[in-house]
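First the structure, in the form of structure tokens, and then the observations on it.
Everything numeric in this text was worked out from a predicted model, so none of it was measured. In listed order, ligands and their atoms are each counted from 1.
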Amino acid sequence: MRIALLAPVWFPVPPTGYGGIEWVVSLLADGLVDAGHEVTLFASGDSRTTAELACIYEIAPSADIGRSQVEIRHALACFERAGEFDVINDHSGPPAAVIAGAVSTPTVHTVHGPLLGEPGDLYEQVARVSPRTRLISISMNQRAPHPDLPWLANVPNALDFSVYPVQPRRGDYLLFLGRMNPEKGAHRAIAVATEAGLPLKIAGKRREPAEQQYFHEFVEPHLREGEIEYLGEVTHGEKVELLQNARATLFPVDWEEPFGLVMIESMACGTPVIATRRGSVPEVVEHGRTGLIVDDYRGMAGAIEAADELDPADLRRAAEERFARSRMVDDYVAAYERAIELAG
Ligand code: UDP
């Protein structure tokens with residue numbers, strides 16, 4: 001198949017620091033090439049891929065994140081070449097899904113964020129303006145506000161397990177890895193660590209003004225050397241070391257988490273996840289095998305001892321069974337074939 005993959009433009013593919021979607025697109029692009037497909041990846045020029053790279057921006061315009069002009073220019077570069085592809089798989093967000101309405105090449109749009117579930121929701125508009133566009137969810141829960149949209153498949157994310165080595169023994173600190181915002185809940189992780197009397201390492205993105213503000217108000221006042229530490233945004237290597245040596249990864253989300261790559265990264269490294277029952281969590285964590293799910297973050301400290309019992313090798317095995325690259329690539333290929341068939 002001749003496949004166009006449209007990545008978000010804001011960070012390179014794969015990302016050098018923060019970036020969940022970019023990791024998934026990177027894995028998919030290289031996996032599709034390995035499976036023998038002809039793949040063109042539309043991403044920033046500082047991306048690395050075995051697919052053919054097409055770029056408008058030589059360097060990822062991270063400082064302009066969210067600027068429609070940048071996003072649309074990047075998407076147009078893909079859609080104006082639509083005739084060259086059998087299928088276009090867009091991972092870049094709703095604006096591109098609207099533009100897809102102007103081309104006849106079948107377009108499959110992967111929804112990476114949560115659906116708002118309000119009237120006038122962007123994806124409802126996409127369904128209206130771009131009726132041939134089919135959608136892929138990354139968890140079944142993600143569809144809940146709009147089960148009626150043109151869903152084509154549910155394809156959970158995956159990892160390249162070779163770059164997340166498992167470690168047989170765990171350390172003594174709790175870990176929080178993610179963006180600095182109320183939904184992800186670094187402040188709840190602080191409350192849990194304080195209640196448990198355990199050290200907490202916090203790593204994560206704090207670039208945008210809202211993230212800075214949240215950090216300043218809810219995280220910074222609690223930092224104490226050797227107890228509650230903030231390490232900044234971490235690279236892949238740093239993140240793996242942190243995950244491998246943590247006693248447990250806390251995932252105290254309070255939003256409809258669409259997937260949560262951090263959870264499978266932790267399992268891959270042999271570290272259990274203690275998570276709140278929101279969004280995709282029950283689809284990703286196998287309670288009592290790869291982690292513990294609690295109804296309220298206030299129950300997290302009490303779950304740490306049970307998490308200690310979970311075997312790192314078994315955690316890793318469980319994650320590999322469900323979140324391998326090959327499964328994700330096969331699922332996407334099946335979805336593309338179906339989209340082409342539906343387009344008739
Ligand atoms: N991440 C990272 N360094 C950081 C913070 C996050 O590499 O300092 C990575 C994290 O490991 C994960 C991704 O960024 O791979 C975030 O994806 P996730 O799906 O967990 O959350 P999102 O932010 O997309 O909601």
Side-chain angles (χ1 to χ4, degrees), residues 7-8 10-28 60 62 65-66 91-93 110-116 136-139 141-142 155-165 175-186 188-189 200-208 210-212 214-215 219 229-246 249-271 273-276 278-281 283-285 290-291 319 322-323 325 328:
W10 317 114
F11 302 105
V13 174
T16 46
Y18 168 81
I21 307 172
E22 293 75 10
W23 264 115
V24 171
V25 175
S26 165
L27 205 60
L28 180 60
S62 308
I65 192 159
H91 294 258
S92 77
T110 305
V111 182
H112 283 281
L115 297 178
L116 301 177
I136 289 190
S137 57
I138 54 174
S139 64
N141 182 77
Q142 189 190 27
V155 185
N157 290 333
L159 283 188
D160 175 356
F161 281 83
S162 69
V163 296
Y164 292 89
L175 175 67
F176 174 91
L177 174 64
R179 286 179 277 133
M180 289 298 123
N181 74 15
E183 292 87 14
K184 295 282 183 180
R188 287 185 287 278
L200 173 71
K201 292 187 192 294
I202 302 173
K205 179 164 87 83
R206 183 192 48 160
R207 295 194 209 172
E208 291 164 46
E211 294 170 342
Q212 309 253 23
Y214 166 81
F215 178 82
V219 177
E229 290 182 316
Y230 174 64
L231 310 169
E233 185 172 328
V234 291
T235 62
H236 178 79
E238 293 163 338
K239 158 171 100 183
V240 168
E241 207 182 315
L242 277 171
L243 286 166
Q244 285 179 329
N245 293 306
T249 300
L250 302 180
F251 201 69
V253 284
D254 188 16
W255 75 322
E256 291 308 304
E257 178 69 50
F259 185 80
L261 267 183
V262 164
M263 292 188 279
I264 59 174
E265 292 173 328
S266 180
M267 296 169 195
C269 295
T271 300
V273 181
I274 306 179
T276 37
R278 292 297 308 272
S280 63
V281 165
E283 295 174 55
V284 176
V285 175
T290 55
R322 298 179 53 219
F323 303 108
R325 183 185 88 161
M328 183 176 79

Ignoring angles and geometry beyond distance, decide whether R179 reaches within less than 3.5 Å of ligand 1 through its nitrogen or oxygen atoms.
yes

Which residues satisfy the side chain to side chain donor-acceptor pair (under 3.5 Å) test with S137, sequence neighbours excluded?
R143, N154

Report yes if some N/O of G17 lies less than 3.5 Å from some N/O of ligand 1; otherwise report no.
yes

Check each heavy atom of K184 against ligand 1 and say whether those closer than 4.0 Å belong to the side chain, the backbone, both or neither.
side chain

Counting non-hydrogen protein atoms only, what is the nearest one to atom 14 (O) of ligand 1? Give residue, atom name and distance.
G19 N, 3.3 Å

Quick one: ring-ring contact (aromatic ring centres under 6.0 Å, His included) partners of Y164, sequence neighbours excluded?
H236

Counting non-hydrogen protein atoms only, what is the nearest one to atom 23 (O) of ligand 1? Give residue, atom name and distance.
Y18 OH, 2.6 Å

Where on L177 is there a heavy atom closer than 4.0 Å to ligand 1, on the side chain, on the backbone, on both, or on neither?
side chain

Identify the heavy atoms of N157 and F323 that sit nearest to each other, and give their distance.
O-CD2, 3.4 Å

Just to confirm my output: which protein heavy-atom neighbour is closest to atom 9 (C) of ligand 1, and how far is it?
K239 NZ, 3.9 Å

Residue, atom name and distance, where the atom is the protein heavy atom closest to atom 12 (C) of ligand 1
E265 OE1, 3.5 Å

Taking only heavy atoms of G260, which atoms of ligand 1 are found under 4.0 Å from at least one of them?
19 (O), 20 (O)

Considering V262, V234, L242, which one's heavy-atom position lies nearest to atom 3 (N) of ligand 1?
V234

I need the nearest protein heavy-atom contact for atom 18 (P) of ligand 1: residue, atom name and distance, please.
L261 N, 3.6 Å

What I want to check is whether the side chains of N141 and S139 have a donor and an acceptor closer together than 3.5 Å.
no

